[in-house]
Amino acid sequence: MENFSDDCETINFDQMPDENGHFGPYGGRFVSETLVYALDQLTSLYERLKDDPEFQAQIDYDLAHYVGRPSPLYFAERWTKNVGGAKIYLKREDLNHTGAHKINSAIGQALLAKYTGKKRVIAETGAGQHGVATATVAARLGLECHIFMGEEDIQRQSLNVYRMKLLGATVIPVSSGSRTLKDALNEALRDWVSNVDDTFYIIGTCCGPHPYPEIVRNFQSIMGREAREQSLAQTGNLPDALVACVGGGSNAIGLFHPFLKDQSVEMYGVEAGGFGVSTGKHAAPLNDGIPGVLHGNRTYLMEDENGQIIETHSISAGLDYPGVGPEHSWLKDLGRVNYVTVDDDEAMSAFYSLTQTEGIIPALETSHAIAYAEKLAASMGPDQMIIINLSGRGDKDILTVAEIDGISL
Amino acid sequence: MNRIAKCFERLSKENKKALISYIVLGDPMKHITLPLMHALVKSGSNIIELGIPFSDPTAEGPVIQRAHERALENGSNLGEALSLVKKFRESDTITPIILMGYTNPIERMGYDKFIELATTSEVDGVLTVDLPPEEAVTFNDKLKSSNIENIFLLAPTSSQLRQEKVTKMAGGFVYYVSLNGVTGAGNLEIDSVQKHVGNIQSLTKLPVCVGFGIKDGVTARAVADISNGVVVGSAIVKKIAELAETKEIDPAVYVDAVSRIISDIRSALDK
Ligand SMILES: Cc1ncc(COP(=O)(O)O)c(C=O)c1O
């Protein structure tokens with residue numbers, strides 16, 4: 001990368017965040033006093049366990065035998081030919097148990113919950129993938145599970161709502177505010193404050209108060225570590241570029257983080273452009289927001305001139321969030337990662353394009369990454385290589401897509 | 001001396017407990033707030049906590065959440081809160097005013113501009129729910145040098161170490177949150193409150209007031225007996241919500257209803 005800044009050369013990305021959870025000016029712990037104790041507890045538990053070989057062995061076992069890791073790094077040959085440019089590889093997180101990357105972190109956090117002895121887990125969900133992942137691990141460990149989900153998302157992701165119920169979770173509709181992911185997170189925080197003694201909060205993305213952004217990143221980094229090895233094994237080289245969609249940013253940070261020190265690897269985080277960034281109706285805080293404080297951390301946000309968080313729009317529930325993980329805000333300011341946008345229509349056409357050329361139906365969230373990668377690949381040479389995080393499969397979105405096509409199922 | 005300190009000094013001379021009343025700016029309509037503030041004082045409140053509406057009030061239960069929503073619908077914001085306090089001061093220069101809210105609107109205005117306006121309006125204290133001491137260092141220093149008290153919360157889950165840390169930074173009074181939960185929750189446990197408040201009092205000279213779960217004269221009295229004062233919020237806001245529901249626009253009706261609640265609690269405290 002030509003403009004790999006001097007800062008980036010000297011930073012040890014593995015040493016971030018600092019002990020108070022800060023990534024430069026971002027991150028931290030902006031919570032009401034009641035939660036400080038629970039977060040301190042979680043921090044010291046995680047510090048104790050993260051280098052513990054037995055804990056790591058349990059995670060590795062679950063990831064291999066329950067989730068189905070490692071996920072393949074697949075060369076999308078036909079699509080590459082159609083696009084005509086760089087070779088495109090897909091990191092197949094859609095093949096994980098439950099169909100998305102969310103399970104990587106849910107498995108890890110549930111194991112932490114088990115160590116705390118708490119018998120109840122809660123989670124927020126937008127697209128429902130994290131809700132399903134949490135309900136799944138809760139069923140497996142015999143934990144009581146409550147999932148908070150905005151009313152609007154309950155409608156557009158009804159298949160996932162039913163999956164969660166089948167798995168024994170209680171889905172709690174959230175009717176406040178914009179009735180989407182942001183409000184589900186508010187409600188999960190309120191529940192946690194009220195039940196902090198017996199409840200473990202399994203957060204769905206690399207947001208929230210310290211230590212969550214770090215914990216989620218570390219659990220999700222399995223994707224980047226595998227992709228790095230697979231790339232070297234399959235092609236003899238590191239990729240030239242990585243592309244991932246960014247809602248809260250967990251699939252992106254999980255792919256990017258193990259490559260941050262590799263100066264030759266360019267990275268693109270794709271935010272939801274909604275109806276177009278110029279319309280204001282989107283979910284792209286890194287492209288069109290400013291730093292502020294929400295959900296326990298300082299990060300780029302979409303807000304009005306009075307500091308009120310504004311409603312976002314994206315066709316994909318999982319990207320429909322006004323904030324972003326604090327580490328991404330820091331990486332943006334550093335210039336290490338490029339944050340770009342793809343609007344609803346572009347995402348939809350990428351959805352069809354991948355489905356029809358490769359026989360892989362991607363999630364609508366993932367379709368944003370695919371759309372950008374298509375443009376990027378076309379601008380690169382055939383001796384170059386891109387890895388896209390294929391963060392999830394599109395089964396959950398079938399009803400939405402059918403509706404757009406005017407078909408009622 | 002800051003108005004808050006003076007207020008507690010006066011109360012202690014009179015052997016009385018502090019009654020701190022919380023309403024949300026602009027709830028349910030902008031023209032209701034100023035008359036309500038004066039009514040709170042007249043009916044026996046010693047300190048007013050003026051809630052600054054925020055889109056994502058994560059520490060609030062449903063009653064106060066709805067109040068924030070009503071206020072945001074009519075466009076109430078931090079800037080207006082500051083001008084309103086200035087107006088309040090035209091006829092009340094004694095009652096301490098604390099702005100209670102969330103970090104983001106203050107950061108958006110900017111710490112310096114906020115403090116400048118708060119100083120002109122004679123705001124006495126600030127309570128930022130989601131700004132614990134670790135994140136509050138810069139803001140706290142700025143507030144201190146402007147003689148505005150930074151009020152901090154302590155909770156049942158706060159460790160001894162934490163209580164020491166928070167009381168060291170705290171100004172005005174310490175706000176003890178009586179229960180693990182959001183505003184408006186039920187189950188107040190007096191024994192536990194007594195133990196914690198006693199411990200906090202042993203760490204600081206500041207008064208310790210208790211909020212969350214105080215609904216009426218009985219609960220107020222029970223808590224006041226073991227602390228320096230009580231904070232009442234949801235009980236007032238619930239009444240405001242009932243009137244808002246009927247589309248009431250006359251400030252006198254709100255003043256009447258809220259005054260009755262406050263008088264009841266005041267007389268229970270003074271009995
Ligand atoms: C398949 C898929 N990809 C991406 C996301 C966005 O989340 P994040 O940015 O944390 O990866 C979601 C969230 O629901 C998802 O289900």
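- Other residues, nucleotides and ligands place no more than 12 heavy atoms under 6.0 Å from the CD atom of A:Q155.
- When side chains are defined from C-beta on, B:H68 does not count as touching A:Q308, because their heavy atoms never get closer than 4.5 Å.
- Annotation for A:S194 and B:G181: closest pair OG-CA, 3.6 Å, computed over non-hydrogen atoms.
- Looking only at heavy-atom pairs under 4.5 Å with chain B, the residue among A:P291, A:S176, A:G177 that has the most is A:S176.
- Contact of B:L153 with chain A is made through backbone and side chain together, with heavy-atom distances under 4.5 Å.
- Contacts between A:L301 and chain B at a heavy-atom distance below 4.5 Å involve the side chain alone, from C-beta outward.
- Taking CG from A:L35 and CG from B:D130, the interatomic distance works out to 11.0 Å, rounded to the nearest 0.5 Å.
- Both the backbone and the side chain of A:E303 come within less than 4.5 Å of a heavy atom of chain B.
- Taking the side chain as every heavy atom from C-beta outward, B:N77 and A:E305 never approach each other to under 4.5 Å.
- Of all heavy-atom pairs spanning A:V193 and B:V182, the tightest one is CG1-N, 4.4 Å.
- Summarising the geometry, atom CZ belonging to A:R298 is positioned 8.0 Å from atom OG1 belonging to B:T103; distances are rounded to the nearest 0.5 Å.
- Contact tally against chain A (heavy-atom pairs below 4.5 Å) for B:A155, B:G75, B:P133: the top residue is B:A155.
- Counting heavy atoms from C-beta outward, B:N104 and A:I309 have side chains that approach closer than 4.5 Å.
- The shortest side-chain heavy-atom distance between B:P57 and A:R190 falls under the 4.5 Å cut-off.
- With a 4.5 Å cut-off on non-hydrogen atoms, A:I310 does not touch chain B at all.
- The two atoms that bring B:D56 and A:K182 nearest to each other are OD2-NZ, 2.8 Å, heavy atoms only.
- A donor-acceptor pair is defined here as one N or O able to donate and one able to accept, closer than 3.5 Å; no such pair exists between the side chain of B:E107 and the backbone of A:G292.
- Within the 4.5 Å cutoff, side-chain heavy atoms of B:V166 are placed close to those of A:E33.
- Closest approach of B:F54 and A:G307 over heavy atoms only: CE1-O, 3.3 Å.
- Looking at B:S158, the atoms closer than 4.5 Å to chain A (heavy atoms on both sides) sit in the backbone and in the side chain alike.
- The main-chain N or O of A:T34 is found under 3.5 Å from a side-chain atom of B:T157 such that the two form a donor-acceptor pair.
- In this structure, chain B has a heavy atom under 4.5 Å from the backbone of A:D304, while its side chain stays farther away.
- Taking CD of B:E135 as the reference point, atom CG of A:N297 lies at 9.5 Å (rounded to 0.5 Å).
- For B:I106, no part lies under 4.5 angstrom from a heavy atom of chain A.
- Both the backbone and the side chain of A:R29 come within contact range of chain B, each with at least one heavy atom under 4.5 Å from a heavy atom of that chain.
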